[in-house]
Amino acid sequence: MSLRLAPPELPLGGDATGGVVRVGDTVRRPVRPSTPSVHALLRHLEAATFDRAPRVLGVDERGREILTYVDGIVPARPLPAYAISDDSLAELARLLRRFHDAAASFTPSEGAVWEDGSAPDGEPELIGHCDVTPQNVVFRAAPGGGPVPYALIDFGMARPTTRLYDVVTTLRHWAPIADPLDRDPLQRALDAGPRLRIFCDAYGLTARDRLRLLATARTRFDRSYAVMRRKARTEGGGWARLWADGAGQRIRRGAAWLDANEDALHAHLI
Ligand SMILES: Nc1ncnc2c1ncn2[C@@H]1O[C@H](COP(=O)(O)OP(=O)(O)OP(=O)(O)O)[C@@H](O)[C@H]1O
Ligand SMILES: [Mg+2]
């Protein structure tokens, strides 16, 4: 008789959810009201042959979702040079574009529940990721080169949105559209304007969306502030910790930095 030991549970950290662990080549995460909707999205991505996201394997005996572990590296803070390179930015844009193209053919079920978050005006175009931070991207070495974005993980914030709104959220973290005070050390020397263009070119963003990009970023700052403040009050937990840690102040500083630099940034989008 062979004795099979259960693989150990290795904590993976994370921000708001808590309790994310790796078990063998799977990840276990606590379920949320939005989990069935997110699973439907991930299954659609798999069927659409978008293989740059975790696959859903089910729910375990403790009621946690089971996802595939995506091999590679997730950059830790302080961010390493490879995570902020122009090559990584362009690769990330191509990855987001592929995800959007696959997600655009997904129709959520009637009454699908999504995590609450800021949203653009008008009709949503697709279910976006809505949380493409460096901690939610797995990198892998490019052939003969350094690590570049390979897959998106952590679809916990996925919800109806537009391509542009999801692009803006991504650029907030990666251009970044942020006050230098709040940037990671290596990001302080980055010139965000040319990086907006690198991202938009690699994504293939339309001229119309480029013209609206910075106005959308301003709208998003205002709405994110209101939503995060509300979630900190009503949900507590990780949201309250984020807020107490100055998330609101960072949004306000980001908005002020955008106001001060908008014309210079816009010149790179026309
Ligand atoms: N499927 C996966 N493959 C590889 N690594 C993963 C995977 N899921 C999570 N991780 C690692 O665990 C960390 C935390 O996981 P995750 O991002 O899902 O949780 P979280 O940020 O706490 O979630 P949320 O933002 O929904 O509160 C990630 O930053 C990543 O390093
Ligand atoms: Mg995460």
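First listed ligand is number 1; within each ligand, the first listed atom is number 1.
Those atoms of ligand 1 with a heavy atom of Pro54 less than 4.0 angstrom away are 1 (N). Short contacts between ligand 1 and Leu12, defined as distances under 4.0 Å to a heavy atom of the residue, involve ligand atoms 10 (N), 11 (C), 12 (O), 13 (C), 14 (C).
When you scan the N, O or S atoms of Asp154 for the one nearest the Mg ion (ligand 2), you land on OD2.
Distances from the Mg ion (ligand 2) show that Asp131 has no N/O/S atom below 2.8 Å. Because the distance cut-off is set at 2.8 Å, Gln135 fails to qualify as a neighbour of the Mg ion (ligand 2), as none of its N, O or S atoms comes that close.
Under 4.0 angstrom from ligand 1, the non-hydrogen atoms of Val74 all belong to its side chain. Contact annotation for Arg22 and ligand 1: no heavy atom of the residue comes within less than 4.0 Å of the ligand.
Remark: distances from the non-hydrogen atoms of Thr68 to ligand 1 include one below 4.0 Å. Under a 4.0 angstrom heavy-atom cut-off, Leu67 registers as lying outside contact with ligand 1.
For atom 7 (C) of ligand 1, the nearest non-hydrogen atom from the set Leu10, Val27, Asp71, Val21 belongs to Val27.
Side-chain contact annotation: Arg220 with Ser118, donor-acceptor N/O pair under 3.5 Å absent. Using a 3.5 Å distance cut-off with no hydrogens or angles, the side chains of Thr161 and Arg159 do not pair a donor with an acceptor.
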Run the ring-ring contact (aromatic ring centres under 6.0 Å, His included) check on Phe106 and Phe50 step by step: do they pass?
CA-CA 12 Å; Phe106 172 63; Phe50 178 78; over 10 Å; no

Would you check, one step at a time, whether the test side chain to side chain contact (heavy atoms under 4.5 Å, CB included) holds for Leu258 with Arg218?
CA-CA 8 Å; Leu258 174 58; Arg218 175 173 293 103; 4.2 Å; yes

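Considering backbone and side-chain N/O of Asn136, one or more are found under 3.5 Å from N/O of ligand 1.
Figure legend: Arg252 and Tyr225 shown as a cation-pi pair, the cationic atom lying under 6.0 angstrom from the six-membered ring centre and within 45 degrees of its axis.
Residues passing the side chain to side chain donor-acceptor pair (under 3.5 Å) test with Ser85, sequence neighbours excluded: Ser88. Checked against ring-ring contact (aromatic ring centres under 6.0 Å, His included), Trp257 has no partners two or more places apart in sequence or in another chain.
The OG1 atom of Thr26 sits 8.5 Å away from atom CZ of Arg64, with the distance rounded to the nearest 0.5 Å.
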